[in-house]
Amino acid sequence: MSDDSKIATTTIDRYGVMGYPISHSRSPVIHRLFALQTGQNIQYELLQVSPEKLETAVRQFQRTGGKGLNITVPHKTEVSRLVDHTSERAATAGAVNTLSFVGSEIHGDNTDGIGLLRDLVVNLGVTLQDANILILGAGGATRGIIGPLLEMQPASIQIANRSLGKAAALADHFSKSGPVAACRFSAVPVANPYDLVINATSAGVKGEVPPYPAAAISKNSFCYDLSYGLQPTPFSVWARDVGAPQSVMGWGMLVEQAAESFSIWRGVRPDTAPVLKQMKITA
Ligand code: NDP
């Protein structure tokens, strides 16, 4: 064994996830399972940070030797401000969910989009080419997933949001790259049935069910909730109630986006299947 490899196995590198609230996050469990599986010596912390303390907390984590952070609700857009080098996919998204501390610099990436795509296409076998897609919500997660979804050449992406302005700004930003439009929940066009309906609101975290557009769900609509829980989420229950044939929670996206972050940080890609299985049972 070389001196370098001795150092690698005896040094604990620190990572964590920052959000507000954060107690529901399963990221520490997932990263511990990845670390065990791949033999990486890491520590992963849960960090509750309010919006006004975000910059101080990120810089302190960096100053005290932290190697990387996941960034979650509601900080993904705001944290972009602190980043020195932004990956292409984070720039396209205008949102960052993965920070790497490289020397004195902060590198920002976005693994949400690739995480969702891997779950939809690889794990669940959903066809995105020529699909009509409805996204409910226009926050950081939506910003992260539109670019990758557009690369799969869907027929259309409709973004519906409580605040029309945020959906309209996203549609405007992405309409150069493909067919993206915006509306309120009450004005979702239903002339063409939606093949895929994605809930990207955070309403379920608070147990709320906004006035989602029931007429948008047909017998061919695959429903996917970015939120997840051991019990069906409010959106999953709603989707089943209004006739969706399949309604899946975002466990797969969670594990896949974490795997992408882990491989950015550690240079090794974990096998997600056993971790996903374990998460759904024991989370
Ligand atoms: P943001 O805070 O950036 O955006 C929240 C969105 O939810 C906004 O569009 C907001 O609408 C909408 N919203 C919140 N409450 C309500 C409500 N009561 N009624 C209607 N709309 C509401 O969050 P993110 O985009 O970062 O995350 C969204 C969700 O996706 C979260 O639940 C998050 O946990 C989940 N997620 C899951 C991932 C996974 O790996 N499975 C990865 C990333 C996110 P408005 O603009 O009107 O305020």
Side-chain angles (χ1 to χ4, degrees), residues 17-31 46 49-51 54 70-80 89-90 93-98 109-120 123-124 134-146 148-149 158-171 182-186 188 197-213 223-230 233-236 238 247-262 272 275-276 279-280 283:
V17 56
M18 271 185 194
Y20 191 77
I22 198 65
S23 56
H24 66 282
S25 173
R26 314 317 299 180
S27 293
V29 180
I30 295 171
H31 282 278
L46 207 52
V49 174
S50 60
L54 178 66
N70 283 131
I71 301 293
T72 188
V73 178
H75 302 314
K76 288 181 195 179
T77 308
E78 185 58 20
V79 82
S80 312
R89 57 193 177 187
V96 166
N97 80 333
T98 305
D109 205 338
N110 190 312
T111 65
D112 281 339
I114 188 71
L116 176 65
L117 280 196
R118 288 218 176 103
D119 196 34
L120 285 173
N123 300 342
L124 299 165
L134 172 63
I135 303 177
L136 306 168
T142 300
R143 290 189 75 101
I145 65 177
I146 294 178
L149 286 172
Q158 181 74 39
I159 310 166
N161 196 45
R162 178 175 61 181
S163 325
L164 179 60
K166 275 164 82 175
L170 281 188
C183 62
R184 293 183 201 280
F185 293 139
S186 56
V188 170
V197 178
I198 298 172
N199 178 38
T201 75
S202 55
V205 174
K206 296 165 257 168
E208 293 170 4
V209 183
Y212 297 129
C223 287
Y224 190 99
D225 194 352
L226 263 49
S227 299
Y228 46 85
L230 275 188
T233 55
F235 172 79
S236 302
W238 173 87
S247 175
V248 171
M249 294 188 285
W251 285 111
M253 175 180 176
L254 177 73
V255 172
E256 295 294 346
Q257 61 80 28
E260 186 72 10
S261 296
F262 190 90
T272 51
V275 175
L276 180 53
M279 288 307 299
K280 284 181 177 168

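Read the numbers this way: they start at 1 and go in the same order the structure lists the ligands and their atoms. Worth knowing before you read on, the calculation uses all heavy atoms, side chains too, and leaves out hydrogens, waters and symmetry mates.
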### Message
Looking at Gly144, is its backbone amide N or carbonyl O close enough to the side chain of Asp112 to form a donor-acceptor pair, meaning the two atoms are under 3.5 Å apart?
### Response
no
### Message
Can a side-chain donor-acceptor contact be found between Asn70 and Ser27 if the only test is distance below 3.5 angstrom?
### Response
no
### Query
Any side-chain heavy atom of Ile159 within less than 4.5 Å of one from Ile146?
yes
### Message
Looking at Arg162 and Glu208, is any side-chain nitrogen of the basic one under 4.0 Å from a carboxylate oxygen of the acidic one?
### Response
no
### Message
Is there a side-chain contact between Ser227 and Met249 in this structure, where contact means two heavy atoms from C-beta onward sitting under 4.5 Å apart?
### Response
no
### Query
How many angstroms lie between CD1 in Ile145 and OH in Tyr224, if you round to the nearest 0.5 Å?
9.5 Å
## Note on the structure
Sorted by chain and residue number, the residues with a non-hydrogen atom under 4.0 Å of ligand 1 are Val73, Lys76, Asp112, Gly137, Ala138, Gly139, Gly140, Ala141, Asn161, Arg162, Ser163, Lys166, Phe185, Ala200, Thr201, Ser202, Ala203, Val205, Lys206, Glu208, Pro210, Leu226, Ser227, Tyr228, Gly250, Met253, Leu254, Gln257
